[in-house]
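Structure, as structure tokens:
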Amino acid sequence: MSHVSNKKIANLLFEIADLLELKGVQFKPRAYRRAAQNISTLSKDIKRFYEEKKLQDIEGVGESIAEKLEEIIETGDLEYLNDLRKDFPEGLQEMMNIQGLGPKSLMKFYEELGLDSVDHLEEAAKNGEIRKLEGFGKTSEKNILENLERYRKYKKRFILGEILPIAKNLEKQLSNHEDVKRVNLAGSIRRRKETIGDVDILAVSSNPKKIMDYFTNLPEIERVVSKGITKSTVIAQENLHIDLRVIEEESFGSALQYFTGSKEHNIELRTLASDKEWKLSEYGLIDMKTTKTIAGKEEKEIYNSLGLDYIVPELRENRGEIQAAKSGDLPDLIKKGDIVGDLHVHTNWSDGSQSIDEIVQTAQNMGYKYLAICDHAKSLQIADGLNDSEIKKQMSEISKLDKIYKSITVFSGIEANIDKKGKLDVRKNILKDLDIVIGSIHSGFKLSEKEMTNRIVNAMHNDYITLLGHPTGRLLNQRESYNLDLNKIFEIAEKLELVLELNAYPQRLDLNDINCFNSRDYNFLISINTDAHTKDGLKNMDLGVSTARRGWLDKGKVLNTKSLEDLKKHLNL
DNA sequence: GCCGTTTTCGGCCCGACTGTTTTCAGTCG
Ligand SMILES: Nc1nc2c(ncn2[C@H]2C[C@H](O)[C@@H](COP(=O)(O)OP(=O)(O)OP(=O)(O)O)O2)c(=O)[nH]1
Ligand SMILES: [Mg+2]
Ligand SMILES: [Mg+2]
Ligand SMILES: [Zn+2]
């Protein structure tokens, strides 16, 4: 018996899907991907399902995949995958990532020219060997070389918080055009996914040709990938791809629904439609018998006509939202306006850039009723952490300020570091006088799952800790979560009535959406904190709330939706 | 390979754009 994580198993299934696609097998790739997707978001270790003989309870897992899962869990290996790998060199799988190249082209290159790696492909394209194949020409070679170069240079997805302002600016530029009646961001940005592959924009106009000309000639556009009457793709700086879809007013709802996705959500909806002998596309919901349009102008009509409650974009990931919408069981999601305060911000007392006064002022202007100053404690030397006497000094400064500001309450706090043994780096007789104590890990990430979990559980048992900061430690595009039994942390949080953070810093979003989703099985609260190091940082609260919404959270699950009075009661302040 | 308040077998979302093609396959959204 070997231990293989859910994520690893999911990746094996994704790989099978890719290889089957190369092989030209139909439908199975989707089946494997669906199973893989569901396994990767499972809250429990897949071993549990195995032990209870319930593998087939996992959506998308039937007899055949269940058997394969058993083999992986028992032996750590899978014969079926090993055999597939023998037929297709690794390079082929890698080449699938190059834009414009799919299984058909790559297999042709492999079988007729023996191309089995990106390097070989480049060579062949440069030497004019590709154009000798039927169905390919000079332009194919030129495109391959260009896309191959981009593939080598750019591999990462964009971070939502970094791309949103750029996307909103593009949205504005388009809406400024006199022939554009309406514009909307769509795709993963509208669903507020934590990372973004490209910017998808929908525009309404009855003069699409003019819009496309305007769009593809915007100054920031480096390259036009494709340009048509209703759809164009361009590339801006840093390889930022932008897809623009232009449609008529009467299709706005169905087009926005289509372009917002997710793909899996779309397929599910379209299947529902076809069950009723209707057809759903970006052009509308159409009755196939009468060819009459049932809905199309507004998104809500589409959902309602299909017998569903309206589903907000953040939920459209095919994680059960369609079933819930059918039975009227969609959650009453937390909203931006439900947030009453921020319980984790920094100042220039440690590594923040603004004074306490400045950030309190900003928070008050945002309408917040409370704010907790939680600068780093001393052991975080790179962040100029506070020692005991500085903490004391800051506390008295904060209490002075608190008296001056009438409409906002300022709490004294600290972001203490959790050391390797799970102890906080601030003495208890200091901690006892602070309102908010955050415990966070900022070093020593490389522990075993057991060691790391114990370390955090120890910290959670500290008498004065209020909340656990960025619980998994992941940094988008930089660092994976530490090895951690998050369910154990959830259990302890419930037992000790401890709060876990949803850190809204754009690179963190930690807990993430899936973690939030799974946290609903446990009875503890989450605090959405910005961890702001600048005044602007307070605005990241929106990202945190979006993440919570993607995790199906309602306001009852979130600490900082409580009124000042209720918050104090809850934290015994 | 999976799945079913119409199915346990026969389906599996639907459409735009490109390059190379005289009518469409491949790839992508
Ligand atoms: N019906 C249908 N819609 C699709 C398909 N592929 C993409 N879409 C729709 C849903 C997507 O959200 C939307 C934009 O496509 P993208 O490839 O940009 O995906 P998305 O933005 O969701 O994710 P991304 O962060 O860009 O990788 O187009 C598909 O195969 N079928
Ligand atoms: Mg996209
Ligand atoms: Mg796109
Ligand atoms: Zn912090």
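Convention: sequence-line order gives letters A, B, ...; per-chain numbering from 1. Values in this document were obtained by computation on a predicted structure and should not be read as measured data.
Regarding contacts with the backbone of dA16(B), every side-chain N or O of Lys231(A) stays at 4.0 angstrom or more from both OP1 and OP2. Contact annotation: Tyr283(A) side-chain N/O to dA16(B) OP1/OP2 distance is under 4.0 Å. Note on Thr233(A): every side-chain N or O is 4.0 Å or more away from OP1 and OP2 of dC17(B). OP1 or OP2 of dG19(B) sits under 4.0 Å from a side-chain N or O of Asn143(A). For dG1(B), the OP1/OP2 oxygens have no side-chain nitrogen or oxygen of Arg33(A) closer than 4.0 Å. For the pair Ser64(A) and dG1(B), the criterion of a side-chain N or O lying under 4.0 Å from OP1 or OP2 is met. Within the structure, a side-chain polar atom (N or O) of Ser140(A) is placed less than 4.0 Å from OP1 or OP2 of dT20(B).
Screening residues 175-195 of chain A for ring-ring contact (aromatic ring centres under 6.0 Å, His included), with sequence neighbours left out, gives His177(A)-Tyr214(A).
No engagement by Lys276(A) is indicated, since no non-hydrogen atom pair under 4.0 Å with the nucleic acid exists.
Among Arg550(A), Lys193(A), Lys263(A), the one residue that satisfies the salt bridge (Lys or Arg N to Asp or Glu O under 4.0 Å) test with Glu317(A) is Arg550(A).
Sparse packing is recorded around CZ of Arg48(A), with 12 or fewer heavy atoms of other residues, nucleotides or ligands lying under 6.0 Å away.
With hydrogens and angles ignored, a donor-acceptor pair under 3.5 angstrom links the side chain of Arg270(A) to the base of dC14(B).
Tyr303(A) and His265(A) have tilted rings, their planes meeting at an angle from 30° to 60° on a 0 to 90° scale.
In a base pair of the Watson-Crick type (N1 to N3 plus N6-O4 or O6-N4) or a G-U wobble (N1-O2 and O6-N3), with each distance short of 3.5 Å, dG15(B) is matched with dC28(B).
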